[in-house]
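Data block below; observations after.
Side chains included, hydrogens not; waters and symmetry mates left out as well; all remaining heavy atoms used. Keep in mind the model is a prediction, meaning the values are calculated, not measured.
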Amino acid sequence: MNAAEFKEKIIPLSGKLFHFARLLLKDHAEAEDSVQEIFLKLWKLRDDLKKYDNIEAFAMRVTRNWCLDRIKAKKPLYIDNYTSGFDQYSDTDSPLGLLEKADQMSTVSRIIQTLPEQQKTIIQLRDIEGYEYEEIANIMNMNINAVRVSLSRARNTIREQLINFVDYGYSKNKNTAR
């Protein structure tokens, strides 16, 4: 791959890579630095990129692995801003409706915080970023059925804890919905 092909195929992914890195790292500046390092890594691998069917999925996997390595090098950081992927506000909602939606999103975010790291990442990629199962399997380096099972378990956990919170005002997990 020459420089022109790299600019055409890889550089346009910078927005997605940055957004994903920022959600994982929770730091704007560190996400910018990470994307630069990822571009350098991809540039060094430019001749090997031809063997990948989906370069975007490969770039997302490299980003995920890079960010997880950065997180492991420091201390565990968890994604806490899931509301950016949802349309919280509508012109037709009343102030009370907006407040209820914001409260629901806050509760769901706290529940998601308690999920295992793998489930959090899969929820992020599928439900917020909109990736297909195959792409997530490539990014996470998992079997597609394992992705589906993990996503199903994450959604069931969120649903159960949200129902408990709505119906009873508490969650079985003491770290959520407070």
Side-chain angles (χ1 to χ4, degrees), residues 1-90 105 108-109 111-155 157-158:
M1 176 179 290
N2 61 30
E5 289 176 317
F6 191 84
K7 285 181 184 177
E8 180 183 319
K9 294 180 180 177
I10 305 296
I11 300 300
L13 300 175
S14 64
K16 286 185 177 183
L17 298 179
F18 171 73
H19 182 69
F20 189 48
R22 188 181 61 189
L23 288 171
L24 289 173
L25 297 172
K26 292 179 38 176
D27 185 290
H28 186 86
E30 189 171 359
E32 285 177 343
D33 293 342
S34 294
V35 170
Q36 292 297 319
E37 292 295 327
I38 291 162
F39 278 148
L40 286 173
K41 187 171 190 164
L42 291 172
W43 176 251
K44 290 176 184 174
L45 296 171
R46 68 186 176 277
D47 294 330
D48 295 333
L49 293 178
K50 295 174 189 172
K51 67 180 178 183
Y52 295 101
D53 294 331
N54 190 339
I55 294 176
E56 180 180 340
F58 177 72
M60 291 295 286
R61 182 189 302 173
V62 169
T63 302
R64 176 185 170 271
N65 291 341
W66 177 269
C67 292
L68 291 178
D69 288 345
R70 300 283 298 198
I71 290 169
K72 288 176 188 174
K74 294 193 282 182
K75 60 177 185 175
L77 297 176
Y78 299 102
I79 302 168
D80 65 352
N81 187 9
Y82 287 93
T83 60
S84 62
F86 296 99
D87 181 18
Q88 298 181 50
Y89 304 103
S90 171
M105 287 308 305
V108 169
S109 293
I111 293 170
I112 290 173
Q113 295 273 338
T114 65
L115 295 174
E117 190 67 36
Q118 183 181 46
Q119 289 181 6
K120 277 196 279 192
T121 303
I122 291 172
I123 283 278
Q124 171 72 31
L125 290 171
R126 177 69 180 160
D127 292 342
I128 298 172
E129 299 284 332
Y131 280 90
E132 298 296 323
Y133 290 107
E134 295 83 13
E135 294 173 312
I136 296 169
N138 285 335
I139 292 168
M140 299 290 292
N141 199 22
M142 295 173 63
N143 180 309
I144 193 167
N145 290 330
V147 170
R148 291 177 191 270
V149 168
S150 186
L151 181 64
S152 176
R153 287 179 180 163
R155 286 176 176 166
T157 300
I158 293 168

Looking at [atom1] of [X] and [atom2] of [Y], how far apart are the two atoms once the value is rounded to the nearest 0.5 Å?
X: Glu37; Y: Trp66; atom1: CD; atom2: CH2; value: 4.5 Å
X: Lys120; Y: Ile128; atom1: NZ; atom2: CD1; value: 11.5 Å
X: Arg155; Y: Ile123; atom1: CZ; atom2: CD1; value: 6.0 Å
X: His19; Y: Leu24; atom1: NE2; atom2: CG; value: 10.0 Å
X: Asp48; Y: Lys50; atom1: CG; atom2: NZ; value: 9.5 Å
X: Ile55; Y: Met60; atom1: CD1; atom2: CE; value: 14.5 Å

(request) Could you tell me how the ring of Phe58 sits relative to the ring of Tyr52: parallel (under 30°), tilted (30 to 60°) or perpendicular (over 60°)? (result)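 Phe58 vs Tyr52 ring planes: parallel.
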State, with a plain yes or no, whether a side-chain heavy atom of [X] is found less than 4.5 Å away from one of [Y].
X: Leu49; Y: Glu5; value: no
X: Arg22; Y: Asp27; value: no
X: Glu129; Y: Lys16; value: no
X: Arg70; Y: Glu30; value: yes
X: Glu134; Y: Asn54; value: no
X: Leu115; Y: Ile158; value: yes
X: Asp127; Y: Leu151; value: yes
X: Cys67; Y: Phe20; value: no

(message) Taking side-chain contact (heavy atoms from CB on, under 4.5 Å) as the criterion, tell me which of Ile38, Ile139, Leu17 meets it with Val62.
(response)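 Result: among Ile38, Ile139, Leu17, Ile38 is the only option passing the side-chain contact (heavy atoms from CB on, under 4.5 Å) with Val62.
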(request) Scan Leu125, Val147, Ile122 and name whichever one has a side-chain contact (heavy atoms from CB on, under 4.5 Å) with Tyr131. (result)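 So, applying the side-chain contact (heavy atoms from CB on, under 4.5 Å) to Tyr131 and each of Leu125, Val147, Ile122, only Leu125 qualifies.
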(message) For Phe18, give me all partners under ring pair (Phe, Tyr, Trp, His ring centres under 6.0 Å), at least two apart in sequence or on another chain.
(response)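 Testing Phe18 for ring pair (Phe, Tyr, Trp, His ring centres under 6.0 Å), a comparison that skips the adjacent residues, returns His28.
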(request) Can you sort out the partners of Tyr133 under ring pair (Phe, Tyr, Trp, His ring centres under 6.0 Å), two or more places apart, ordered by chain and number? (result)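 Expected list: none.
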(request) Check the pair Ile112 / Gln119 against side chain to side chain contact (heavy atoms under 4.5 Å, CB included), numbers first and verdict last. (result) CA-CA 9 Å; Ile112 290 173; Gln119 289 181 6; over 6 Å; no
(message) Please find the pair of heavy atoms, one from Phe39 and one from Phe6, that lie closest to each other, and give the distance.
(response)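 What the structure gives for the nearest pair is O-CZ, 3.7 Å.
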(request) Taking all non-hydrogen atoms of both residues into account, name the closest pair between Leu25 and Ser34 and its distance. (result)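 Where Leu25 meets Ser34 most closely, the heavy atoms are CD1-OG, 3.3 Å.
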(message) Under a 4.0 Å threshold between the charged nitrogen and the carboxylate oxygen, would Glu132 count as salt-bridged to Arg126?
(response)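 Answer for the salt bridge query: yes.
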(request) Name all pairs fulfilling the side chain to side chain donor-acceptor pair (under 3.5 Å) condition that reach into residues 137-153, sequence neighbours left out, sorted by first residue then second. (result)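 Output for this query is empty, none listed.
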